Structure formats: C-alpha cells, structure tokens
Number of protein chains: 2
Amino acid sequence: MSTPSESRARLVATARDLYASQGVGATSPRQVLAASGVGQGSLYHHFPAKHDLALAAISATVADSLSAAARELRGERPALDRLRAYLERPRDTANGCRIGRHTSDQAVMSDAVLAAEVGSYFSGLVERLTEVFVEAGLPDGAASDRAYAALAIVQGGYVLARALTDPTAMQRAVRGFVSLLTSVPEETQ
Amino acid sequence: MSTPSESRARLVATARDLYASQGVGATSPRQVLAASGVGQGSLYHHFPAKHDLALAAISATVADSLSAAARELRGERPALDRLRAYLERPRDTANGCRIGRHTSDQAVMSDAVLAAEVGSYFSGLVERLTEVFVEAGLPDGAASDRAYAALAIVQGGYVLARALTDPTAMQRAVRGFVSLLTSVPEETQ
DNA sequence: GTCTATAACATGATAGAC
DNA sequence: GTCTATCATGTTATAGAC
C-alpha cells in the first residue's frame, strides 16, 4: 500500500474474478496479465511470486465476504428471521463459493498461509452464526452444532448445484433445512 | 476391457488415489506414471489422452461410492435409523469427498463427459435419500427437499472440516442436522 | 503392450533496459 | 513502475523401436 498503483488494483481485481470462476491452481499469472491488460513486468514488480498475488486476492475476498455476512446476520429483526434471510439469499451457484471452493484447490491448501486465510473465513462465519442461534435461545453447544449445520447447508448447496448444474439444488437444500428449523417445538429452539 | 492388463489396472488405481488427494487438474500423467511404476508408453497405449484416464478413474469411483451408499441406505432397520447411520459414518475429512471435490476442479467441470459423471453420482444419491425420507412418511416434495439437505450436510461438512482442518466440524454439522430431524414432531415427519 | 526419445507448448519466474 | 526478452522446468502428448 505504499504506492496504491492502478495496475496493482487491476491485477488483484482480475485475479479475484478468475479465482472465483476457475480456482487458483488453474489460473496462471499469464492469464491474469492478459485479462487485466497489465504488463508482465508490473505483475512481478507488485507480486514477486504467484503466492503473493493469491494472498492479496484471497484475503480481500475473505474480508469482503465476512463483513457482508456480519452485516446480514445482525440487525433488528428476530434472530431466526435473519438466519433464514441469510440462508435464502441468492447465491452464485454457477461458480460455487468464492472461498469454499478453495478447499479442494491444491494450490491453496498446500500453502499454509493461504489455507489459514480460508480457515479464518469459516471460523468467522461459525462465530457469527453461533451468536445468532444463541440469541435465538439455544444453549451454547447446540447453537454451535446448528451453526455448523447451517454453514454446511450453504457450502453443500453450492456443491450440489454445481454437480447437478441446477441452481434449485441450493434452494431445495436450504428449504429442507429451514423447514426443520421452523417446525421444531419452541422449547427445543 | 478387451485385455484386462495389469498395467491398466494399476494406472487406474493410482489415478483414483491421486485424484482423491490432489484433484484431477493438479495431477499430471507423469505423476501417475511415477506413482504406479508403469512406463510412459503403457499409459498412452491404454489412455490416449488425460481425459480417458480421468474418465476411467472417476467413473470407477462413482460406481463404487454409489453402490456402497445404496447398500447402506437400504436394509431392515427403520428408515431414519439407516439415514442417521449414513450421515454419522466416519469419512475421510482430510481429503474431502472423492467425487464432490471435483465440482471445484476446472479440469473436470470443463469436460462435459467428466462433469456428467459427477452429476450422475449426486443424482443417484438424491434418489436413494429421497426414497428413505418417503419411506419415513414424508410427502414427495418434502422428502426431496430433505434429501438435498442431508446431502448438503455431508458435502458441506467436508468443506468445513477441510477449511478448519478439524474433523469434528463434519460431526458437528451432522449432529446439528440430526438433532433437528429427531426433535421434529411425528406428524410433520 | 511396453520401452526410450523427443516434440510443442505452457508455466512461473528473472534480467536488464527505459 | 513498466516494458520486452528470455529461461528452466513441467505438461501433454507423439514417434518409432522392440
């Protein structure tokens, strides 16, 4: 950030897009160059190695996605309404989760720094979701389990939608989960 | 299958292992050669292109996993007991789902034949799971939604366990889901 | 059916001028 | 900070002998 150059910003933005649609391992520095219109020398000036570009792109996406989720999950409405809105929000099922997809990407998971970045996204989400279930009246242990389940529904929904090339797969999974949540008797909520 | 050679079988077995731990895109033919101990000429004799080896390996894994799941999900015990056993079965959370992980693998998803193979795995599982929920007394629509949810829990559980490098993440997600299933009043089951 | 050699190209990165 | 040129290595095959 010493010199917030235009090229650097374009490289990161382009990398984020390509990583979202192709993954990190399948995206070469050359592809980022071509798509961003920036020259070869610039890339290696700002990002000495592929790792550095990946770190900049992934951590920016993690930060954006985490703060968006935090915004959605707090608010005035009842806790379970916010949760439901979060689960039912439209998602880019064609590409899968921008962060979650990296769990199958060797280029990310074999790099301890990048893998930690992915981990921080999910531990952040687990925290937010657990808070919501605690606010809804669940004891800590049950709230935590349910937070993991809610997150798994979303991540698994992406997998199903991609595998079946059917965006409604995500909606069905969410509906199947939400219908259980809302039909549970008050005292066990 | 015209000539069931030893080399061919070893190549497929090695490819299946490497695909499970690294993905398809990140696994080069050379790596398969080295790990299998087979020579270069043999590979390209049996599998003219990388696609052909990938198809053989993926379809074998799909067939195995599907028939294992079908075996687990039918039987004498009550439907929801079988479902619960299926969800709680130990899984290789270190590597993720052997098939599900391919939904983030460009080498697989950009190849229509390989992508269809992945799709057939999930549509098969959805069918089996829907049957179980129908048997448990749910109307068709709700049974289908719940099948998608159950599958998403498993696939999402893999993603969480990998991201957090914590095998218990899968168990928590499953527990959060199963606790909802079993606390729902009889008439809505 | 298996071997060795090698081709054609992409990848990740460096060198040095401007 | 950006450019062009180039490099060593890996990848996906092909060729042709055995």
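Proteins get letters first, then strands, A, B, ... in listed order; numbering begins at 1 in each. These values consider heavy atoms only, across backbone and side chains, with no hydrogens, waters or symmetry-generated copies. If you're wondering where the values come from, they're calculated on a predicted model, not measured in any experiment.
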Original post:
So does B:His45 get a side-chain nitrogen or oxygen closer than 4.0 Å to the phosphate oxygens (OP1/OP2) of C:dT2?
Top reply: no
Original post:
In whole angstrom, what separates A:Leu43's CG from D:dT4's P?
Top reply: 14 Å
Original post:
Taking only residues two or more places apart in sequence or in another chain, which ones pass side-chain hydrogen bond (donor to acceptor under 3.5 Å, both in side chains) with B:Glu127?
Top reply: none
**OP:** Please state how far atom CG in B:Leu33 lies from atom P in D:dT11, giving the value in whole angstrom units.
**Re:** 11 Å
Original post:
Residues in side-chain hydrogen bond (donor to acceptor under 3.5 Å, both in side chains) with A:His45, at least two apart?
Top reply: none
Original post:
Along nucleotides 6-18 of chain C, 5' to 3', which nucleotides get a B, which get an S, and which get a -, given that the test is a protein heavy-atom distance under 4.0 Å?
Top reply: B----BBBB----
Original post:
Can a donor-acceptor pair be found between the side chains of A:His46 and A:Ser5 at a distance below 3.5 Å?
Top reply: yes
**OP:** Return the angle between end axes of the helix from C:dG1-D:dC18 to C:dC18-D:dG1, with five pairs used per end and rounding to 10°.
**Re:** 0°
**OP:** Specify whether B:Phe177 and A:Phe177 have parallel, tilted or perpendicular ring planes, treating 30° as the upper limit for parallel and 60° as the lower limit for perpendicular.
**Re:** parallel
Original post:
In whole angstrom, what separates B:His46's NE2 from D:dT14's P?
Top reply: 16 Å
**OP:** To the nearest Å, give me how far apart CG (B:Leu53) and P (D:dA13) are.
**Re:** 11 Å
Please tabulate, one pair per line, all N/O donor-acceptor pairs under 3.5 Å involving side-chain atoms of residues 128-139 of chain A, not counting sequence neighbours.
unit_1, atom_1, unit_2, atom_2, d
A:Arg128, NE, A:Glu131, OE1, 3.3
A:Arg128, NH2, A:Glu131, OE2, 2.8
A:Thr130, OG1, A:Val126, O, 2.7
A:Glu135, OE1, A:Arg82, NH2, 2.8
A:Glu135, OE2, A:Arg82, NH1, 3.2

Subject >> Gap separating the CG atom of B:Leu87 from the CE atom of B:Met170, nearest 0.5 angstrom >> reply: 9.5 Å
Original post:
Considering all heavy atoms of both residues, which atom of B:Arg101 and which atom of B:Gln22 are nearest to each other, and what is their separation?
Top reply: NH2-C, 3.4 Å
**OP:** Enumerate the residue pairs fulfilling salt bridge (charged side-chain N to carboxylate O under 4.0 Å, His left out) with a member in residues 12-25 of chain A, sequence neighbours excluded, ordered by first and then second residue.
**Re:** A:Arg16-A:Asp64
